[in-house]
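Step one of this worksheet: look at the structure below.
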Amino acid sequence: MINFLNNNYYGKSTAYIEIPVEADKVWQLIGGFNALPKWAPYIPQSELQEEGRVRHLANPDGSVIIERLMAFDEKERSYSYHILQAPFPVKDYYSTLRVKKSDDGNGSLVEWFGEFTPVNVSDQEVSSLFQGIYEDGLKALREHYNG
């Protein structure tokens, strides 16, 4: 995991969800850098480039998001990435997706958090934007297992 806290970011968002499925099984689904279309309904397509270190994501409206993998830790079930290009009003965006065992050991806790610098919008606006993206994605992940 990358530690973002010592940089000059102005916005941040954090979301988490508990899922009654073993952490290793959840990581099998979401741990691949190209796996978003398998569980996030607002990302219908992902294409890897640069030997799997860069992903090109398609939104339903046709816009493109390009992200670079910054860190990957199979043992800790986490990866961190940086947005290179996106239709979002931010710069210096870094985010981490992580799966941990739940406290009772019978399920998992999935965390998705990021830090960024807003561009021409308030910290609150862009933090709310990413908070919604993270929460919607994690709810869809839980529904994947409930459905």
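From a predicted model like this one, the values you see are computed outputs, not experimental measurements.
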Those residues that, when tested against Y134, pass side chain to side chain donor-acceptor pair (under 3.5 Å) (two or more places apart):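 Applying side chain to side chain donor-acceptor pair (under 3.5 Å) to Y134 gives Y93, S95.
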Greater than 12 external heavy atoms within 6.0 Å of N120's CG: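 It does not: N120 CG has 12 such atoms or fewer within range.
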Heavy-atom neighbours of D103 CG exceed 12 at 6.0 Å: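 No, because the 6.0 Å sphere around CG of D103 holds 12 heavy atoms or fewer from other groups.
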Roughly how far apart are [X] [atom1] and [Y] [atom2], rounded to 0.5 Å?
{"X": "H56", "Y": "N34", "atom1": "NE2", "atom2": "CG", "result": "11.0 Å"}
{"X": "L36", "Y": "L57", "atom1": "CG", "atom2": "CG", "result": "6.0 Å"}
{"X": "I30", "Y": "S108", "atom1": "CD1", "atom2": "OG", "result": "8.0 Å"}
{"X": "Q28", "Y": "E22", "atom1": "CD", "atom2": "CD", "result": "9.5 Å"}

May I ask you to check whether [Y] and [X] place their ring centres under 6.0 Å from each other?
{"X": "F33", "Y": "Y79", "value": "yes"}
{"X": "F72", "Y": "W27", "value": "yes"}
{"X": "F130", "Y": "F88", "value": "yes"}

Audit row: F116, I83, side chain to side chain contact (heavy atoms under 4.5 Å, CB included) steps and yes/no: CA-CA 10 Å; F116 34 80; I83 289 180; over 6 Å; no
same_hphob_cluster(Y81, I65) at 4.5 Å side-chain heavy-atom cutoff: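 They do share one cluster, since a chain of ILVMFWY contacts under 4.5 Å joins Y81 to I65.
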Verify same cluster id: L48, L29 (apolar side-chain graph, 4.5 Å):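 Same cluster.
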Residue pair [X] / [Y], side-chain heavy-atom distance below 4.5 Å:
{"X": "P89", "Y": "P118", "value": "no"}
{"X": "Y145", "Y": "V26", "value": "yes"}
{"X": "S46", "Y": "P37", "value": "yes"}

side-chain hydrogen bond (donor to acceptor under 3.5 Å, both in side chains) between S63 and N59, intermediate numbers included: CA-CA 5 Å; S63 59; N59 279 347; 3.0 Å; yes
salt_bridge(R98, D73) N-O dist < 4.0 Å: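 Result for this pair is no, no salt bridge flagged.
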Pair I19-L138, side chain to side chain contact (heavy atoms under 4.5 Å, CB included): steps then yes or no: CA-CA 9 Å; I19 298 176; L138 294 179; over 6 Å; no
Derivation of the side chain to side chain contact (heavy atoms under 4.5 Å, CB included) call for S13 and W112: CA-CA 8 Å; S13 296; W112 197 354; over 6 Å; no
Positive for side chain to side chain contact (heavy atoms under 4.5 Å, CB included) with R55, one of E67, E50, E47, R68: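 Per the side chain to side chain contact (heavy atoms under 4.5 Å, CB included) rule, the option paired with R55 is E67, out of E67, E50, E47, R68.
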Short side-chain to backbone donor-acceptor contact, T96 and F113, under 3.5 Å: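 The answer is no, because no donor-acceptor pair under 3.5 Å joins these two groups.
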Test side chain to side chain contact (heavy atoms under 4.5 Å, CB included) applied to Y94 and E115, step by step: CA-CA 6 Å; Y94 292 89; E115 294 184 339; 5.7 Å; no
Between S122 and E125: side-chain donor-acceptor atoms closer than 3.5 Å: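 Indeed, the side chains of S122 and E125 share at least one donor-acceptor pair under 3.5 Å.
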